[in-house]
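Small disclaimer: the values here were computed from a predicted structure and weren't measured. In the text below, chain A, chain B and the rest are named by the order of the sequence lines, each starting its count at 1.
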Amino acid sequence: MSNSSSRPHGLLAEFETPAAVMDAAILCRDAGFSKWDVYTPFPIHGMDEAMGLRKSPVGWFTFAGGCTGFFTGMTMIWFMNKFDYPLVVGGKPLFTPLFAFPVSYEMTILLGAFGTLFGMLFLNRLPRLHNPLLRVERFKRASNDRFFICIEAADSKYASEATRQFLAETCHATAVEYVEE
Amino acid sequence: MKTLSRLFGPLFAVLALVGFLSLGTSRLVAADGTNSVKASTEAVAASSHGHSHDGHAEGHGEGKSLLREIGLRYLTAYMFCLSICVGALFLVLIHHLFDASWSVPIRRVNEQLASLLFPWMLILLAPILALQQFIYPWLTIDPATDHSLAVKRALFNTGSFNVLLPVLVASWGWIAHTFRKWSIAQDKDGAAIWTRKARVLAAGGIFYFSITLTLVCFYLMKSLQHQFFSTMYGVYYFAGSVWTTLITVWVLVLWLRSTGPLKNVIHKRQIQDVGVWFFAFTVFYAYIHFSQYFLIWNAAIPEETFWYVNREAGGWKWVGFTILFGHFVVPFLVLLNQDVKLNPAIMFPMCGWAWLMHFVDMTFNVMPTYGPLKDGPQVSFWDPLFWFGMAGFLGFMFLRNFRAAAPYPLRDPRLKEAVTHHEVPAPGAAAHH
C-alpha cells in the first residue's frame, strides 16, 4: 500500500468522550492550527465555537439561489402570459405580480434549496472519492463510539514529533496514529 | 372548590363592573347615538341590496360622529394591546405543549404579560361594550332587512355579543392566571406535578385558544363590516399578534437581563431563538395575509372583494403598501442575516417599527369603516392617546406584577438544561488546561 507514496497526510488522535474531544478541539484552535478537523459519530453542540469555525458562507449561495428563483418565476410568467402568448384567464390582467407570486415563491424555495445544497458541496470540495483516513482501521469507529481529531501535514504549524506530543500529552488523546497520504 | 370560588369571586366582580360601566355609559350617550345609528343602518341596508362597491364606500362614510370616531380609535388601540396579551398566552401554551427547556427562563415574562388579560383587558373592554352601538352598525340593523346579517345571526346577535365576548376574554385570563399560579407554586416546592398539570391545560388550552381567538376577532374587528367572509381572519390577527409579542419579549428580556432580574439565566440561545421565532412569524404573517388577499382576489366574489376594495380607495391604498413593505419585505430582508437576531442596535429599533406596523395593520382593519373612503387615513390625537395610554398603563401593571413574583421559574425541572447550555470558552480563554 505504501509503495504508491509515503507522503504524510497527518496525525490522527483518538478520544473516548465528546467532552474530551471538545476540550482538545479548543486546545487545537488556541494552538493556531488551520488545516485540521474533528470527526464524531453525532453532532456535538458547541463544536463550531470550540473549533473556532467562522460562520458558514453557504447562506450567500441560498440567498443568490432564492433571488434567482424569484425573478425567474416572475419573468417566466410575464413572458408566457403577457409577452409571448397573451391569454386572458378569468378576466384577470395579463400580468400581475399577484398571481405570479405563488409560482415565484415556489421557485424561490426550489432554487434557494439548490443554492444551499450545491453551495455546501462546492465549499466542502465535495464529492470526494477517497480520503486517506478511510484506510485507518481505528477510524471506522468514528461512525460508532469514538471521537477523532486529524491535524493535516499541510498545516503550516505541523511538525510531526511536536504535533504528536501536543495531541498525546496536552490534549490527552488515548491514541495518536500517523496517517499516510 | 375553594380555588374555584376564589377565582370566580373577582371574575363576577369585574364582569359586573364591566356591565355596569357599559350600561351607564350607553344611557349617557343614548341621545347622541340615535342619529348616527339611523344613518349607518340606512347606509348598510342600502349597500347590502346591490353589493356594489360604491354602496359600501358611501355607506360607511355616513355614520360619522364623535363617539363613533372615539369608539373606533379606542378599538384600534385595544386590538393592539390584546395582541401582546394573547401572543404571550400562546407562547406559554406552546412552551408547555412542546415540553421546551430553552424557553424556561423567559416563561415568567410571558406568564405575566398574558395575565394582564384579567382583569385589565376585561376592564378595558368596557368602553367598547359601552359604545357598541356606535362602533358596530350591525347591532342596530334588523336582520329581516339584511340577508347577510340574518344568516349570521347565530353569532351576530346582541345577546351573544354582550355575553360571549367578555366571557371569552375572561376565560383567557383564567387560563393565563392558572399557568402563572402553578408556575409560582413550583417556585416554592419544586414539585414536578405543576409542570404535568400545566402540560394538560396546554393540551386542551391550545384548541380552546385557537377557536376562541377566531371568535373574538370576528366579534371585535371583522363584524365592523358584517357582510365580509374570511375564515382566515382569526389566523391573520393571530400571526400579527405573535409577531408583535415576540419582538416585545425580545426587548423585554434583554432589558431585564441588563438591568438585573434575568442576569444569569438569559444566554445567547434564548435571545437567538426568540429572534428566529420573530423572523419565522414575519414570514408566517405575510403568508397568511397574502393568502387571504389572493384567494379573495382570485375568486372575485363581491361579498368578499368589497372589504379589500374599500381598503384600496383613496389613501388607504398606500396604507396597504406600507403594510406589504413595512410589515414584511423590509423586516424580512433585515432579519435574513443570523447575527442581526442577536444585535440590540437593530432589534430595539425593530421593536418600535414592529409596534408601528402592527398598529398600522389594526388601523387598516378598523378605520376604513369610518369617514368617506376617498379621504383616506386620518390620523387623530386620539390614536397616540389611546395607544400609548393603554400600552403605558398595561406596561405599568406588568412591571408591578413582575416585581411581585420571581423573575423566572426558579425551580422548573428544565431550568438547569436551559441555563447550562454548551458555553464554549472564546479563543485564548482555555488557559485552565
Side-chain angles (χ1 to χ4, degrees), chain A residues 18-34 38 43-67 70 89-93 96-106 108-109 112 115 166-167 169-172, chain B residues 101-102 267-269 272-273 276 279-280 282-284 286-302 305 308-309 312 317 320-321 324-325 328-329 332-343 417-433:
Chain A
V21 79
M22 189 106 146
D23 288 342
I26 292 171
L27 290 167
C28 290
R29 173 193 76 186
D30 293 348
F33 290 108
S34 56
V38 179
I44 299 174
H45 289 293
M47 187 54 89
D48 287 10
E49 291 88 347
M51 291 176 71
L53 294 178
R54 66 195 158 86
K55 214 176 78 184
S56 165
V58 83
W60 290 106
F61 289 87
T62 315
F63 185 70
C67 289
F70 185 80
V89 180
K92 298 284 195 285
T96 148
L98 265 183
F99 63 65
F101 189 81
V103 170
S104 309
Y105 162 78
E106 300 292 345
T108 309
I109 294 171
F166 169 77
L167 285 170
E169 286 160 28
T170 316
C171 299
H172 306 296
Chain B
S101 63
W102 73 270
H267 298 291
K268 182 184 161 193
R269 181 190 186 193
Q272 168 133 5
D273 284 355
V276 167
F279 179 54
T282 308
V283 179
F284 181 62
Y287 178 78
I288 292 300
H289 199 173
F290 175 78
S291 298
Q292 178 176 282
Y293 185 92
F294 183 65
L295 292 178
I296 288 171
W297 180 86
N298 216 14
I301 300 167
T305 50
Y308 276 111
V309 170
E312 281 172 18
K317 184 178 180 177
F321 275 110
L324 171 61
F325 285 93
F328 170 62
V329 177
F332 175 76
L333 292 175
V334 168
L335 290 161
L336 265 180
N337 189 309
Q338 78 185 77
D339 295 333
V340 166
K341 295 162 192 112
L342 293 166
N343 188 350
E417 278 172 58
V419 296
T420 52
H421 168 70
H422 343 290
E423 294 297 318
V424 177
H432 60 277
H433 280 275

* **Over 12 non-hydrogen atoms of neighbours within 6.0 angstrom of NZ in A:K92** =>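 Counting other residues, nucleotides and ligands, NZ of A:K92 exceeds 12 neighbours.
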* Over 12 foreign heavy atoms within 6.0 Å of CZ, A:F63 ->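 No, because the 6.0 Å sphere around CZ of A:F63 holds 12 heavy atoms or fewer from other groups.
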* Asked: Hey, what do you get for NZ (B:K268) to CD (A:E49), rounding to the nearest 0.5 Å?
  ->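 Between atom NZ of B:K268 and atom CD of A:E49 there are 5.0 Å.
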* What are the residues of residues 54-61 of chain A, in order of number, with any heavy atom under 4.5 angstrom from a heavy atom of chain B? ->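 Within residues 54-61 of chain A, the residues under 4.5 Å from chain B are A:K55.
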* To do: Would you please go through residues 96-105 of chain A and name the residues with a non-hydrogen atom below 4.5 Å from one of chain B, in numerical order?
  =>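 Residues of residues 96-105 of chain A touching chain B at under 4.5 Å: A:T96, A:L98, A:F99, A:F101, A:P102, A:Y105.
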* Asked: Quick one: of B:W297, B:F294, B:F290, who has the most non-hydrogen atom pairs under 4.5 Å with chain A?
  ->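 Most heavy-atom pairs within the cutoff with chain A belong to B:W297.
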